[in-house]
Amino acid sequence: MPQYHVKYVFLFLCCSLLLSSCVNIKHVTEFSKSAIDSIETFETLSSSFNQTCLEDCQNINIAALNIHQTDCDCSQNEEADRITALIYHGLQGYFYALTNISDNQLTNYQTDGLTNAITSGNFGSIQVKEANVKSYSNIITLVGRAFTDGYRRNKIKTYVLNANQPVQDLLHFLDLNLTGNLKGKLEVQKSTLKNYYFDLVRDKKLSTYERTKFAEDYFKRMQEIERQQNELEAYSKILSTIAEGHASLSAEIEHLNDNKLKVALAKYGSQLKMLSTDLFKK
Amino acid sequence: MANLTAEQVKRLADNFMLMANALGDYRYNNIDSLTDEENIKIKGIHNQQLAQTTELYTKSAILVLEDAQDALKKIDKITAESQELYKKLTNVQSILDRASSVLNLASAILALDVSAVTRSIQELVS
């Protein structure tokens, strides 16, 4: 084969490699970052199992007009909080890892330092031409990036596919604990307060002023519990949006660079931003 | 009999809650026809039912760990592998940086430039 043919074949192979491997996956990084920002609003939630248990215990002591030996055993509720946090941290860790490995800057290697060291250095009898070094350095950067990008893209595909089911399960369990169990405990607390205040508000031995004050206290406390419940509902919407976004990424993982997936992930990202803002307003 | 799942215990708690609320509503709606003794008794039972219901919700939250353990293990493994990949890919840049420092050192030694040698060694060990 003539010499120039070999050059063209090499050039063609390089170009094919670059085109097939350098995929811009900025949309994956951005979705993952939005998932982190919104899932981390967990840390701002104002209710917890332990807090609810302590309040319930305090209500019992108030109803019994007791301020002596008021210790409460809330160890089971502390355990429930620990388990909920464990699930949250599992999801948080995964999205941090996905953000890191999908970041385009990760394989954007800088060879300027190396090029400068070779061109400006004195290596005795070895003569180095600056133009040659720069050309080779550019090729090395591009081919190196193509290889690492291709490798990275395949790894991301595998991770996202394998992670989808556990991610869906963990989002479901986190929601079960917060919107199911914790919100349920708050609902019980509302009923307990009504059971307590009902007789005080009706008690004709008390003055109208006292009875009005009890009614006011009751409504204030109900309002606060309902605010906490609304917060949990808002967080639940964040979890279901992350679940939909990740399922869509997993379903379209073979078409990472398709516009359809980019548009879908951008939509989920902006929904998550909006939902997080809503939660802060609760 | 197989153990109850977190989901089943949560559904039980929801049903207990409905039953407790029905008893509470009975007391609130019929308060004028109840004797003081009956009222206190129903109020007490209602409170006990609510206390049991809240315990059931806590129990369900704890049972979640058993159901979620498999998913947690899988996600932790994938996260660890992703972190390993991240480390590998960032290592490529540090190898390039190190290679530059070694070349700078070699160049400084060949030029017999003591201050450049010191600078290059500092660069390498930093």
Side-chain angles (χ1 to χ4, degrees), chain A residues 49 52-53 56 76-77 79-81 83-84 86-87 90-91 93-94 96-98 100-101 106-107 109-111 113-114 116-118 120-124 144 148 152 155-156 159 162-163 165-170 173 176-177 180-182 184-185 187-189 191-192 194-196 198-199 202, chain B residues 6-7 9-10 13-14 17 20-21 24 27-28 31 39-40 43 46-47 50-51 53-65 67-68 70-83 85-86 88-90 92-93 96-97 99-104 106-108 110-111 113:
Chain A
F49 286 92
T52 312
C53 172
D56 287 346
Q76 290 282 293
N77 287 278
E79 178 73 356
D81 280 329
I83 289 165
T84 311
L86 194 71
I87 297 171
L91 286 162
Y94 167 72
Y96 267 107
L98 183 61
N100 284 341
I101 58 167
L106 184 58
T107 47
Y109 301 119
Q110 301 300 313
T111 52
L114 190 60
N116 288 340
I118 296 171
S120 61
N122 167 15
F123 302 107
T148 48
R152 185 169 69 118
K155 283 283 183 189
I156 290 173
Y159 293 151
N162 291 341
Q165 196 50 53
V167 163
Q168 300 295 330
D169 289 347
L170 293 178
F173 287 126
L176 175 65
N177 263 10
N181 293 319
L182 183 54
K185 280 178 81 74
E187 199 59 35
V188 173
Q189 200 174 60
S191 294
T192 312
K194 187 174 179 183
N195 194 25
Y196 170 66
F198 182 79
D199 296 292
R202 279 182 54 88
Chain B
E7 215 103 30
V9 174
K10 191 254 168 194
D14 289 342
M17 178 77 179
N21 281 347
R27 184 169 87 88
Y28 308 140
I31 190 75
N39 184 36
I40 290 169
K43 186 180 176 179
H46 186 201
N47 255 337
L50 290 170
T53 308
T54 201
E55 262 187 53
L56 275 180
Y57 281 123
T58 308
K59 191 68 79 191
S60 164
I62 292 171
L63 278 175
V64 157
L65 184 62
D67 300 345
D70 194 36
L72 267 174
K73 268 187 203 155
K74 280 182 190 159
I75 212 73
D76 284 349
K77 187 170 172 273
I78 292 166
T79 303
E81 283 171 7
S82 309
Q83 282 165 338
L85 173 67
Y86 178 71
K88 260 190 217 167
L89 294 175
T90 44
V92 174
Q93 183 64 59
L96 285 173
D97 293 344
S100 314
S101 303
V102 170
L103 280 178
N104 280 335
S107 171
L110 286 168
D113 182 345

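Just so we're on the same page: letters track the sequence lines, and every chain starts at 1. Just so we're clear, the structure is a prediction, and the values are computed from it rather than from any experiment.
Neither the backbone nor the side chain of A/D81 has a heavy atom closer than 4.5 Å to any heavy atom of chain B. A/S191 touches chain B through backbone and side chain together, each having a heavy atom under 4.5 Å away. Using a 4.5 Å cut-off between heavy atoms, A/I156 makes no contact with chain B at all. Looking at B/K73, neither its backbone nor its side chain comes within 4.5 Å of chain A, counting heavy atoms on both sides. For B/N47, the parts lying under 4.5 angstrom from a heavy atom of chain A are both the backbone and the side chain. Interface remark: A/N177 contributes side-chain atoms only to the contact with chain B (heavy atom separation under 4.5 Å).
With sequence neighbours left out, A/D199 forms a side chain to side chain contact (heavy atoms under 4.5 Å, CB included) with B/R27, B/I31, B/N39, B/K43. In this structure, the side chain to side chain contact (heavy atoms under 4.5 Å, CB included) partners of B/A68, at least two apart in sequence or on a different chain, are A/I87, A/L170, A/F173, B/V64.
Across every non-hydrogen atom of B/A71 and A/P166, the tightest pair is O-CB, 3.6 Å. Closest non-hydrogen pair, B/Y57 versus A/F49, comes out as O-CE2, 4.4 Å. Contact between A/N181 and B/S60 at its shortest, heavy atoms only, is ND2-OG, 2.9 Å. Of all heavy-atom pairs spanning B/I62 and A/I83, the tightest one is O-CD1, 3.5 Å.
Counting heavy-atom pairs under 4.5 Å between each of B/E55, B/K77, B/K59, B/E81 and chain A puts B/E81 at the top. Each of A/T52, A/L182, A/D56, A/L176 has some count of heavy-atom pairs under 4.5 Å with chain B, and the biggest count is that of A/L176. With chain B as the partner, the residue from A/V188, A/V167, A/N162 showing the most heavy-atom pairs under 4.5 Å is A/V188. Interface remark: of the candidates A/Q189, A/K194, A/Q168, A/E79, A/K194 forms the most heavy-atom pairs closer than 4.5 Å to chain B. Note on A/L98, A/T192, A/D169: by heavy-atom pairs under 4.5 Å with chain B, the leading option is A/T192.
Between B/T79 and A/Y96 the shortest side-chain heavy-atom distance does not fall below 4.5 Å. A 4.5 Å side-chain heavy-atom check between B/L65 and A/L86 finds at least one atom pair inside the cut-off.
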- Derivation and outcome, side chain to side chain contact (heavy atoms under 4.5 Å, CB included), residues B/L85 and A/Y159: CA-CA 11 Å; B/L85 173 67; A/Y159 293 151; 3.9 Å; yes
- side chain to side chain contact (heavy atoms under 4.5 Å, CB included) between B/Q83 and A/N100: does it pass, once the steps are laid out? CA-CA 8 Å; B/Q83 282 165 338; A/N100 284 341; 5.8 Å; no
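Distance OH/A/Y94 to OG/B/S82: 7.0 Å, rounded to 0.5 Å. Here B/N21 contributes atom CG and A/E187 contributes atom CD; the two are 7.0 Å apart, rounded to the nearest 0.5 Å. For the atom pair CG (A/N77) and OG1 (B/T58), the distance works out to 4.0 Å, reported to the nearest 0.5 Å. Rounded to the nearest 0.5 Å, atoms NZ (A/K185) and CG (B/L50) are 11.5 Å apart.
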